[in-house]
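Each chain gets a letter, A, B and so on, in the order the sequences are listed, and its residues count up from 1.
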Amino acid sequence: MTAPVELATRPPASAIHIGAHDQVLLVLVLTAATAALSCGFVSLAPDRLVSGAPVMLWTASGNVFTIAMVVLGGLLLAVSLLPPRPAAAAAAGVIAAISLLLSLATLGAAAHTLAAAAAPAARISAGPAFWVIAGCAALAVVDALQRLRAGPLLTAATVAALCGGVALFAVAGIFDALSIVQEYETQRLVFATALTRHIALVAGSVGPAWLIGFPLGVAAVRRPRLQGPLFAVLNLLQTVPSIALFGLLIVPLSRLAATVPPLAALGVGGIGPAPAIIALVLYALLPIVRNTTAGISGVDPAVIDAAQGMGLTPRQIFWRIELPLALPLLIAGLRIVTVQTIGLAVVAALIGAGGLGTFVFEGLGEYALDLVLLGALPAIALALAADFVLHLISALPRRATPR
Amino acid sequence: MIELDRITKSYGGRAVVDDLSLTIRSGEFCVLLGSSGCGKSTTLRMINRLVATDAGTIRIDGKDVASIPPELLRRRIGYAIQSTGLFPHWNVADNIATVPRLLKWPEPRVALRVTELLELFRLDPSGYRSKYPHQLSGGEQQRVGVARALAADPELLLMDEPFAAVDPITRDALQGELLRIQRATKKTIVFVTHDIAEALRLATMIAIMDKGRIAQYAAPLDLLEHPASDFVRDFVGHQGLGLKLLSVRRVAERVRRDETADGEPLPGEASLSDALSAMTARGTDRLPVIDPAGQPVGVITLADLVR
C-alpha cells in the first residue's frame, strides 16, 4: 500500500521528460481518454434480443456533458503533474469522485436522449467506454485515498458519499431509460425475492461453515497430525468445479429425502437450497480452517511460554492471548469466504436454489444480456460491500494491536 | 530454599538432565551456567513445572512442587525469558498486571503495584503505562518483562537468559539494575546463562552444568580459584583468569582506611577491575573510595589490586 507513495516522494528520473508526479493517475486519465475516443459510450439496440450498435460519447450525450467530462479529465491530468502533496491527492480524490458521478449522470442523460428519438422497443445500455471511464474514476478515488493514507473513517465517508450520490440519481429517475432499469422494472417483485434469497443463502452457508471450520482449525493446531488429512480433504473439495459439486449432491440428497420424510418436509431434497447450502459450506471450509490454523499457530511461541510460565490456564491462554492475536487473520478468512460465497451462490441457481443467479441463467438462456447484468451487477455490489465492511472491521482492532 | 533431589529428564531416550541434585538457599542469586544443550534451561523449567520431571523431586521450602497445581505454583514464582514474551496486544500496565490480576488483587492495588514497579525500573509511569510492547526499545521491553515477573512479589524468580538478546551496553545496565533490585528485595533468583562474565557479575553461587549434571556448585571466587575439575577449569577459562578474579572482588575488601587521595572517588561495591580501569584511564595509582552513603572511607592503590 505504501509503494506508490514512496515512488511518488522520490523524484523519478522520467519526471524530467514527462513531468508527472502521479503516474497512476496519469495512466488512468489516458486510459479513460483512449476508451472515450475509440469505443462506444452507450450501445443502442432496436430490441431486447439483438446486440446493439455503439454510440460515441459526444453523439450520445450532447455538448454540455461532453465538455464537462473533458474539463474534469483535464483537471485530473493537471493534478497528476503537481508535486506529491496531500492537497494534490485530496484534489485528485474529489475530482475523480465527481467524474465518477458525472459519468453515471452522462450515461443516464444519454439514454434519455436516445430513447426519446428511438422506437419504444429500443434498448440502451452502457458501452465499453462508460465502463472504462467509470472504472478509471473509481480507481483514481482508491489511489487518492491510499496516497492520503486514509483511515477507516475517511474511507467509509467517501464510499457513503458516492453511494448516496448514486442513490439520489436513481431516485431522481436519471437511469430510467437504461435497459437494465427497464429489465428491473419488469422483474421488480422477483428481484426483491431473489436478492433476499441470495443474502439468505450466503448467511446460511457462511454461518454454519464458520461454526464447523473454526473448531476444526483450532483442533488442527492442537493436533498437528490432523493437519495432513484435514487439509488434503479440504483442498480436494476446493478443486471440484462448483457446477459439478452442485450436481453430485442431487442424487444422495434426493435419496435421503425419500428415505427420511421429515427431512423432505423441512425442504431437504436433490434440488433447491439444501444442496446449495451444503456445497457452499464445503467450499467455505478451507479458507476458514486455514486462516484459523494460521492465525493461532502464528502466535509467537515465546508469548505462549511466558503465559504458561506466569500461570495462565490453557483456557485463559486461548481466550485472552491466542484468540485476540489471531483475530486479524480470522476476520480476513471471513472476508475471503463471504466474497467467495456471494459469487458461488450465483451458480447455485442452476439447481433451483434461487438467488441472483436466476436472472443470470435466465438471461443466458434468452441471450438477454441486460437480464444477465441484472443478476451479476447486484452480486458484484454485494461482494464489494461485504468486502468493504469486513475490511473496515479488521482495520479497527489493528489500531489497538499493531502487527 | 529450593531442593532439586536427583531429578532426571530424558527426551527420546537421551538424558538431558541426569540425576541432578542441587540445593539453593533462600536469598541466593544462583546462576546455572553452561554451554547450550547442557540442560540448564530444562532444569530451570522443571522448577515451575513447565517441564515435567521423569524422576526425582523438587521441593520449595520443603513442599513438593508436584503436589501443587501447576497454575497456582507458577503464579507464586516470577518468570522472565530471553524474548520477553510480552503480550503484544496488551499495554505495559496490563502486561505487568498479569499475575496480580490472576491472583484477583483489587484493581487499585494492581494500579499501585504497576506504578511502583515502573518506578523501580526507572520507567516514567505516566509515559510508559499505556505504551504497547512494539513501541519500546529492546532494553525497555526486557525491563517490563522482569517487572512483570516481579509483579506479584514472588519469593522466587526464574530467569532464562533474560539479557541475551540486548546489546552489551543495555545488558550492562540491566544487570546493574537486577543486582540493585535483588540486593534490596532479597529475592531468591535462579538465572540461566551461557555468559561467564554475566555469571561472575551477578551470582552469589554458580552451578556449572555439563551433560545434564552439576560439574561444580560454588561461589564465583571459589570457582575461579579452586576449579573442581579440568572441565570447570577449561570452562571458566584459564586465559584472563587474573582479570576475572579482579572482576569478582570488591574494592571495599582492599581499601586502606586511614589514607586520603584526590580525584573522582570509586564506590566500595565497584569491582577491582573497575578500579584498575579507572586508574589506567586517569593515569594514577591511587583513588579515593566512598561508601554507599557517599562518605569517604579510604584509598585503594595499584599495589592493592594484586595484594
Is it the side chain or the backbone of Leu312(A) that comes within 4.5 Å of chain B heavy atoms, both, or neither?
->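 Contact with chain B involves both backbone and side-chain atoms of Leu312(A).
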
Asp300(A) versus chain B, heavy atoms under 4.5 Å apart: side chain, backbone, both or neither?
->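 Neither part.
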
Donor-acceptor pair, Asn235(A) side chain versus Phe231(A) backbone, under 3.5 Å?
-> yes

So do Ile181(B) and Leu120(B) actually touch side chain to side chain, heavy atoms under 4.5 Å?
-> yes

Measuring heavy-atom distances to chain A, does Arg45(B) have an atom under 4.5 Å in its side chain, in its backbone, in both, or in neither?
->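 Only the side chain of Arg45(B) comes within 4.5 Å of chain A.
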
Sort Leu86(B) into side chain, backbone, both or neither according to what part of it lies under 4.5 angstrom from a heavy atom of chain A.
->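 Contact with chain A: backbone only.
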
Are Asp160(B) and Lys40(B) ion-paired here, with the side-chain N under 4.0 Å from a carboxylate O?
->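 No.
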
Sidechain N-carboxylate O distance under 4.0 Å for Asp54(B), Lys9(B) | yes

Would you mind telling me which of Gln308(A), Gln316(A), Arg320(A), Met310(A) has the largest number of heavy-atom pairs within less than 4.5 Å of chain B?
->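 Between Gln308(A), Gln316(A), Arg320(A), Met310(A), the count favours Met310(A).
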
Mind checking whether His89(B) and Phe87(B) have parallel, tilted or perpendicular rings, split at 30° and 60°?
-> tilted

